[in-house]
Amino acid sequence: MGASGSKARGLWPFTSAAGGGGPEAAGTEQALVRPRSRAVPPFVFTRRGSMFYDEDGDLAHEFYEETIITKNGQKRAKLRRVHKNLIPQGIVKLDPPRIHVDFPVILYEV
């Protein structure tokens, strides 16, 4: 599906202030972390929508139009995919929130 990780290189957003980001961590993987003034929550509340609106206001992943083809005197219907005049859905609120893909946690169910 593509976007499974964060786009930033060398940036780990899920660190604590007491988590060893000091000079003793220089040269380790923690040295790549940029200091932040506030903690980043491990949850994702919104995502980019994968659907589109057409000019009628209908919402779908793909749109097709029916075209009639006449061949040898016979009419035949064919579906053609519509690529023009589609508006992206935009930002979609997630309910319930999801755990960020880069958050270091192991989910375990008994």
Side-chain angles (χ1 to χ4, degrees):
M1 297 251 211
S4 62
S6 65
K7 302 264 190 249
R9 285 184 109 175
L11 177 63
W12 189 255
F14 305 108
T15 60
S16 64
E24 70 275 4
T28 64
E29 192 173 325
Q30 291 292 328
L32 298 175
V33 176
R34 255 186 239 165
R36 290 187 176 232
S37 60
R38 59 185 173 91
V40 177
F43 300 108
V44 177
F45 297 99
T46 58
R47 68 171 175 85
R48 196 176 76 193
S50 61
M51 295 196 277
F52 296 92
Y53 290 103
D54 67 347
E55 56 267 342
D56 296 332
D58 296 328
L59 181 66
H61 287 284
E62 299 173 336
F63 288 95
Y64 294 91
E65 65 181 0
E66 186 177 15
T67 57
I68 305 296
I69 299 173
T70 305
K71 185 187 276 188
N72 296 332
Q74 295 179 343
K75 291 185 180 179
R76 182 174 170 228
K78 190 171 185 178
L79 294 177
R80 225 178 66 201
R81 188 168 176 192
V82 176
H83 294 284
K84 295 182 180 181
N85 298 327
L86 297 179
I87 302 166
Q89 184 181 14
I91 301 298
V92 177
K93 184 180 178 193
L94 296 174
D95 188 47
R98 311 301 201 267
I99 295 177
H100 195 279
V101 69
D102 287 337
F103 187 67
V105 67
I106 298 172
L107 299 176
Y108 179 74
E109 184 178 337
V110 179

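Since this is a predicted model, take the numbers as computed values, not measurements.
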Worksheet, complete the sentence: Of all heavy-atom pairs linking Val92 and Gly49, the shortest is CG2-CA, 3.7 Å
Discussion item. Hydrophobic cluster membership, with links at side-chain heavy-atom distances under 4.5 Å among I/L/V/M/F/W/Y: are Phe45 and Val105 in one?
Written reply: yes
Discussion item. Listing request: all salt bridge (Lys or Arg N to Asp or Glu O under 4.0 Å) pairs with a residue in residues 61-73, at least two apart in sequence or in separate chains.
Written reply: Glu62-Arg81, Glu65-Arg80
Worksheet entry | Residues clustered with Ile69, ILVMFWY side-chain links under 4.5 angstrom | none
Worksheet item: Step by step, would you call Leu59 with Tyr53 a side chain to side chain contact (heavy atoms under 4.5 Å, CB included)?
Response: CA-CA 5 Å; Leu59 181 66; Tyr53 290 103; 3.8 Å; yes
Worksheet item: Asp54 versus Phe52: any side-chain heavy-atom pair under 4.5 Å?
Response: no
Worksheet, complete the sentence: When every non-hydrogen atom of Leu94 is compared with those of Val44, the smallest separation belongs to CD1-O, 3.7 Å
Worksheet entry | Distance, nearest 0.5 Å, that separates CD of Gln89 from NE2 of His61 | 8.0 Å
Item to complete: Answer with yes or no whether the hydrophobic clustering places Phe63 together with Ile87; edges join I, L, V, M, F, W, Y residues whose side-chain heavy atoms lie under 4.5 Å apart.
Response: no
Item to complete: Report the distance from atom NZ of Lys93 to atom OG1 of Thr46, rounding to the nearest 0.5 Å.
Response: 10.0 Å
Discussion item. Donor-acceptor check, side chain of Arg98 to backbone of Pro96, threshold 3.5 angstrom: yes or no?
Written reply: yes
